[in-house]
**Q** 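Got a structure here, written out as structure tokens. Questions coming.
Below, read A as the first sequence line, B as the second, and so on, with proteins coming before strands; counting in each chain starts at 1. All of these numbers come straight from a predicted model, not from anything done at the bench.
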Number of protein chains: 2
Amino acid sequence: MKLAAVGSVAFDAIETPFGKTDKIVGGAGSYIALASSFFVKEQSLISVVGGDFPETFLKQLQLKGVDISGIEIKAGEKTFFWSGRYHTDLNSRDTLVTELNVLADFQPRVPEHARQADFLMLGNLSPAVQLSVIEQMSVRPKLIAMDTMNFWMDIALEDLKRTIKHVDVLIINDEEARQLSGVYSLRKAAGIIRAMGPSILIIKKGEHGALLFHEAEVFYAPALPLEEVFDPTGAGDTFAGGFMGYLAAAVNHDFETMKRAIIAGSALASFCVEKFGTERLLEISHTDLQQRMQEFVTLSTFQLEA
Amino acid sequence: MKLAAVGSVAFDAIETPFGKTDKIVGGAGSYIALASSFFVKEQSLISVVGGDFPETFLKQLQLKGVDISGIEIKAGEKTFFWSGRYHTDLNSRDTLVTELNVLADFQPRVPEHARQADFLMLGNLSPAVQLSVIEQMSVRPKLIAMDTMNFWMDIALEDLKRTIKHVDVLIINDEEARQLSGVYSLRKAAGIIRAMGPSILIIKKGEHGALLFHEAEVFYAPALPLEEVFDPTGAGDTFAGGFMGYLAAAVNHDFETMKRAIIAGSALASFCVEKFGTERLLEISHTDLQQRMQEFVTLSTFQLEA
């Protein structure tokens with residue numbers, strides 16, 4: 001098994017300035033698995049859903065090579081549900097409904113065959129739950145990446161600090177990096193956060209791209225300026241999934257490879273936001289992805305000498 | 001004459017979380033001229049100051065090769081004065097004092113020998129004043145660039161639209177691009193603004209870099225993540241001055257050269273914010289600048305193939 005990932009598989013109901021959806025499939029785990037499936041076939045997704053969750057989506061994951069034996073189905077219960085409304089600029093949103101349902105007491109169980117996975121991706125969940133997944137691994141993965149959010153910094157900071165000690169790559173946004181470090185300068189924040197455990201920090205900046213910090217090295221990945229962002233839901237998880245999928249399929253895992261992995265994640269995220277939910281990720285081809293990655297080269301390449 | 005520039009030469013009093021200054025020299029014209037002087041020696045600055053303005057600074061400009069015969073000195077009057085206080089994150093500020101003084105009825109007069117300048121940079125001033133400078137040129141410059149701000153969009157939009165028709169490069173920030181175009185997507189905004197006249201649009205995004213739009217081409221210039229921003233005053237003008245100075249000294253003015261010019265402007269702006277006012281621009285060497293431009297290469301270079 002190349003990659004194991006844990007994260008929510010859920011229902012979302014989304015309102016944007018362009019329209020609204022009924023309950024559609026969402027959740028960090030769904031986006032992570034779909035994104036990483038572009039690069040890696042041997043992956044296992046660990047999650048939980050209720051009896052109300054559509055079997056068709058689980059089948060779609062399987063068709064993409066995702067092992068779903070770690071997705072627990074709680075027959076008599078309901079799937080995690082989130083509903084939100086984006087503001088006009090799509091950069092902020094209000095949460096309308098959060099029904100934890102099966103996620104309330106989620107105790108992920110890593111299937112036996114996934115406990116030796118080379119790579120481990122911890123989607124945004126409580127840091128205690130994330131730690132329990134790390135502890136179930138029978139061999140220390142080559143690389144553990146973790147997503148988290150300000151919510152956990154507010155209510156579970158000590159747990160969070162305990163978990164990130166075990167992590168190689170922390171993936172958060174700029175606001176979260178500032179909150180976690182207590183400083184405004186992202187370069188200083190990177191030093192402080194890297195001293196907490198992760199040797200690598202990725203700071204997501206949405207429409208402004210992403211920063212990759214490792215020792216004294218910094219890489220600034222651009223974001224593609226899009227004609228229109230239709231629905232930002234899942235972009236961050238898609239980014240993380242693409243990043244980890246690319247790394248898990250790569251031979252080396254040095255700084256240069258990580259740069260490419262970030263471009264892969266950014267390219268997938270740029271597709272994700274073009275339609276509601278997971279729709280766009282389910283329809284694009286490898287050729288589409290390669291062309292989009294090439295656009296990132298065109299976008300950011302310059303030569304100091306003529 | 002390679003480059004003519006018009007812009008305020010002024011006094012600023014600045015408060016940041018790191019300290020405060022008495023009246024120090026500032027103004028768009030000062031930053032533009034100092035920045036472009038790193039690349040071009042034959043340049044003329046058109047501005048106005050009062051009798052209270054220090055001759056020493058004008059001498060410093062001359063030492064950098066700036067022709068100051070277009071800077072009118074109004075003996076019995078006072079220099080434009082601005083005072084502001086930056087908020088903790090340095091991304092926003094309150095204006096405490098604005099005393100227009102000599103700038104209130106500024107009627108720039110382009111010296112005879114500057115009217116055939118190859119390049120013209122219009123620093124942020126009222127669009128009517130900017131247009132009067134264009135009209136004084138005896139030969140249409142190869143390239144006219146213009147800075148402006150939301151203030152003029154609020155109170156002089158028709159003047160602004162009239163002026164930008166004559167301009168090749170418009171340099172504004174993301175918020176201003178959204179206001180001027182009426183759309184949120186910067187890619188769409190670029191199309192709308194370019195239809196107003198400028199074939200090239202540069203959108204400054206502060207700590208998030210800058211975007212260069214020309215026909216179907218886009219370039220994303222990163223910003224260097226700095227340990228500390230000390231004083232952001234003048235960064236935008238320094239960027240514009242560096243950009244135009246680089247272009248004015250270059251042989252070609254194609255898209256590839258413009259990319260390099262943007263990196264030059266970004267590198268100079270990254271120095272500018274390290275100390276109060278113009279201090280840092282006055283002390284760095286060409287070697288410092290070259291090293292900083294090289295850092296931008298390191299920061300943003302990646303290869304899709306290993």
**Q** Below 4.5 Å, heavy-atom pairs only: which of K259(B), E207(B), E227(B), K205(B) has the largest tally toward chain A?
**A**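 Answer, by heavy-atom pair count under 4.5 Å with chain A: E227(B).
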
**Q** Relative to chain A, which of L224(B), T257(B), V297(B) shows the most heavy atom pairs under 4.5 Å?
**A**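 Among the listed options, the one with the most contacts to chain A is V297(B).
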
**Q** Quick check on D174(B) against chain A: is it the side chain, the backbone, both or neither that has a heavy atom closer than 4.5 Å?
**A**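 Only the side chain of D174(B) comes within 4.5 Å of chain A.
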
**Q** Does any backbone or side-chain atom of Y220(B) lie under 4.5 Å from a heavy atom of chain A? Answer side chain, backbone, both or neither.
**A**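 Backbone plus side chain of Y220(B), per the 4.5 Å heavy-atom cut-off to chain A.
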
**Q** Who wins among V183(B), V218(B), D89(B) for the most heavy-atom pairs under 4.5 Å with chain A?
**A**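 Result: the option with the highest number of such pairs is D89(B).
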
**Q** With distance as the sole test, does R280(B) use its side chain to make a donor-acceptor pair with the main-chain N or O of K275(B) at under 3.5 Å?
**A**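 Side chain of R280(B) to backbone of K275(B), a donor-acceptor pair under 3.5 Å: no, none is there.
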
**Q** Please classify the contact between T298(B) and chain A as side chain, backbone, both or neither, with a heavy-atom cut-off of under 4.5 Å.
**A**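 The backbone, not the side chain.
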
**Q** If you measure from the Lys or Arg side-chain nitrogens to the Asp or Glu carboxylate oxygens, is any gap between E175(B) and R178(B) under 4.0 Å?
**A**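 No, E175(B) and R178(B) are not salt-bridged.
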
**Q** Taking E256(A), Q290(A), E228(A), Q294(A) one by one, which has the highest count of heavy-atom pairs under 4.5 Å against chain B?
**A**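 Of the candidates given, the most pairs with chain B belong to E228(A).
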
**Q** Measuring heavy-atom distances to chain A, does L299(B) have an atom under 4.5 Å in its side chain, in its backbone, in both, or in neither?
**A**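 L299(B) touches chain A through backbone and side-chain heavy atoms alike.
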
**Q** Will you find, in the side chains of K142(B) and H253(B), an N or O donor that is under 3.5 Å from an N or O acceptor?
**A**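 On atom types as modelled, these side chains do not qualify, holding no pair under 3.5 Å.
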
**Q** Specify the closest pair of heavy atoms between D288(A) and F271(A), including all atoms of both residues, with the distance to one decimal.
**A**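 What the structure gives for the nearest pair is O-CZ, 3.5 Å.
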
**Q** Looking at E15(A) and R85(A), does any basic side-chain N land under 4.0 Å from a carboxylate oxygen?
**A**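 Salt bridge between E15(A) and R85(A), a charged N being under 4.0 Å from a carboxylate O: yes.
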
**Q** Give, as side chain, backbone, both or neither, the part of L226(B) having an atom under 4.5 angstrom from any heavy atom of chain A.
**A**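 For L226(B), backbone heavy atoms alone lie under 4.5 Å from chain A.
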
**Q** Hey, does the side chain of H286(A) reach the backbone of F38(A) with a donor-acceptor pair shorter than 3.5 angstrom?
**A**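 Yes; judged by distance alone, with no hydrogens or angles, the pair exists.
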
**Q** Give a yes or no on whether the backbone of K204(A) and the side-chain of N173(A) come within a donor-acceptor separation of less than 3.5 Å.
**A**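 Such a contact is absent between N173(A) side chain and K204(A) backbone.
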
**Q** By a 4.5 Å heavy-atom criterion (distance strictly below it), what part of N91(B) contacts chain A: side chain, backbone, both, or neither?
**A**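 Answer is side chain: those atoms of N91(B) sit under 4.5 Å from chain A.
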
**Q** Could you look at L304(A) and say if it's the side chain, the backbone, both or neither that has a heavy atom under 4.5 Å from chain B?
**A**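 Both backbone and side chain.
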
**Q** Taking the six-membered ring of F276(A) as reference, does the cationic atom of K20(A) (NZ for Lys, CZ for Arg) lie under 6.0 Å from its centre and within 45° of its axis?
**A**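 No, a cation-pi geometry is absent between K20(A) and F276(A).
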
**Q** What part of F255(B) is in contact with chain A, defined as an atom under 4.5 angstrom from a non-hydrogen atom: side chain, backbone, both or neither?
**A**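 Neither part.
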
